[in-house]
Engineer: 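Pasting a structure below so you can have a look.
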Number of protein chains: 2
Amino acid sequence: MSSLELPLASTPCERADAARNRQRILAAAGRLFARDGVACTSMDAIAAEAGVGKGTLFRRFGDRASLALALLDASSSAFQENFIRGPAPLGPGALPCERLIAFGHGLLEHVADNGDLILASERPSISGGRLHAGPYAAYRTHVMLLIAEAAPDLDADYLADVLLAPLTAELVLHQLKERQMPLERLAGGWEKMVHRLLNAGVRVDDP
Amino acid sequence: MSSLELPLASTPCERADAARNRQRILAAAGRLFARDGVACTSMDAIAAEAGVGKGTLFRRFGDRASLALALLDASSSAFQENFIRGPAPLGPGALPCERLIAFGHGLLEHVADNGDLILASERPSISGGRLHAGPYAAYRTHVMLLIAEAAPDLDADYLADVLLAPLTAELVLHQLKERQMPLERLAGGWEKMVHRLLNAGVRVDDP
DNA sequence: AACACAAACGGACCGTAGTCCCGTTGCAGG
DNA sequence: CCTGCAACGGGACTACGGTCCGTTTGTGTT
């Protein structure tokens, strides 16, 4: 645990056939997910479509959730880059409260765009999977720092979990699809909620 | 469709062997869940322990989640009864904000007591399972009414989901077990959060 | 008591996620 | 170019949730 070596980083050259197969698998998974939907695509089908054996698929990606995570990596990293180093109000430069609101808007959009894939990446066999793997830790740290900056009297460590909870893919997709709430309503509700929570005692101008 | 006869309504009494087997199955499941843990108990094992076939098990309870729900029914119904008709501050009689805080405390306790079972009942194959089945709808309606009463200018329909999200079994168990947050901290954080959200502009006395 | 029939029973069966092991192959060193 | 070996490949295998269907059994009727 202490001497954790990143396997990808420590193997400068992945064997050529392995790299080729990884690409094939990612491409095949993307194709099938787009064609049949994430939920209706089995790992067998992905392996077949990629022209590799099942063993290879699981050797490369460990499990279904990690494969979904790998497919999400690009857009997920872009979002992280934006809220860490991007332009205000999402990135540095704006007030913490405004950044937090922008973060919620960005995450809502990210979930609306990549919902099914995120859901698949959050559904591992072990309990509390999404809280361990994936970008949750990064989101959490970011939100915690913003809360601590905006309202030092609050329990930022706890509130970070609280504020991330309503942005969960399962809930957001349910609100969008089953409950037919438009994305703008979720964004507006989030904005007002964050304002009231962080600026308690300060009158918020509602337009 | 017009001359539809309800088959269930015409069979007031369940057949004796069916009732006997239901009891056997519930008892066996309770025993194995207690002995080996919910996550490590297979449906096959429950059927064997109950001395019935697998078909019978699934005929009675539909799927794993519903079986967990049936085992939860007693304590879950008791909690519902309490916040609907029980004594204040959980039941009627207190201010909506106080009732909402008490509701959160009650639900946190319920989750802390029955976490693994709730988790099993929330993990069906279909997406967003916990939002469709189980007591979520009742919780949601209750919370929505309290919000609407306490702060009519808020989007109670949306905020009900938001406030229930941090009380999810997955998150609460993670906070309690992995993050080692004591239950009192979650309760305190919830209380302060609800106060700030519903009483924005009103100074809350912090002891 | 005998009967008829719906309901319940139970285990064979299926699809899927994930594991394992052995034959194969790319790659470095001689 | 040849060789050794560690990593890779692939499919047979397991465990599990869930379904199906031929058989049994409880129950109301005559």
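Chain letters run A, B, ... following the sequence lines, proteins first and then strands; every chain starts at 1. Values reported hereafter were calculated over all heavy atoms of this structure, with side chains retained and with hydrogens, waters and symmetry mates removed.
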Engineer: Whole Å only: how far is the CG atom of B:D44 from the P atom of C:dC13?
Structural biologist: 15 Å
Engineer: Could you give the CG-to-P distance, from B:D17 to D:dT25, as a whole number of Å?
Structural biologist: 10 Å
Engineer: Does any donor atom in the side chain of B:D73 or B:S76 lie under 3.5 Å from an acceptor atom in the other side chain?
Structural biologist: no
Engineer: Does atom CD (B:E109) have a neighbourhood of more than 12 heavy atoms from anything else shown, all under 6.0 Å?
Structural biologist: no
Engineer: Checking contacts here: which listed nucleotide (D:dG10, C:dC9, C:dG18) is nearest the side-chain heavy atoms of B:A18?
Structural biologist: C:dC9
Engineer: If you pin B:A65 and B:A16 to their nearest nucleotides in DNA chain D, which one's is more 5'?
Structural biologist: B:A65
Engineer: What about A:K54: does its side chain form a donor-acceptor pair under 3.5 Å with the base of C:dA17?
Structural biologist: yes
Engineer: With a non-hydrogen cut-off below 4.0 angstrom, is A:S42 in contact with a base, only sugar-phosphate, or nothing?
Structural biologist: sugar-phosphate
Engineer: Tell me: CD1 of B:I46 to P of C:dG10, nearest whole Å?
Structural biologist: 16 Å
Engineer: When the distance from CZ of B:R24 to C1' of C:dA8 is rounded to whole Å, what number comes out?
Structural biologist: 13 Å
Engineer: With heavy atoms under 4.0 Å as the rule, sort B:R15 into base, sugar-phosphate or nothing.
Structural biologist: base
Engineer: Between atom CZ in A:F61 and atom C1' in D:dC8, what is the gap in whole Å?
Structural biologist: 14 Å
Engineer: Please report, rounded to the nearest Å, how far the C1' atom of C:dT19 is from the CZ atom of A:R60.
Structural biologist: 16 Å
Engineer: Once you round it to whole Å, what is the distance between P of C:dG18 and CE of A:M43?
Structural biologist: 6 Å
Engineer: Taking NZ, NE, NH1 and NH2 as the nitrogens, is one of them in B:R130 or A:E170 under 4.0 Å from a carboxylate oxygen of the other?
Structural biologist: yes
Engineer: What does B:R59 touch in the nucleic acid at a heavy-atom separation under 4.0 angstrom: a base, only the sugar-phosphate, or nothing?
Structural biologist: base
Engineer: Counting side-chain heavy atoms from C-beta on, which of C:dC9, D:dG18, C:dA17 comes nearest to B:F58?
Structural biologist: D:dG18
Engineer: CG of B:L57 versus C1' of D:dC16: gap in Å, rounded?
Structural biologist: 13 Å
Engineer: Would you mind classifying the nucleic acid contact of A:R20 as base, sugar-phosphate or nothing, using non-hydrogen atoms under 4.0 angstrom?
Structural biologist: nothing
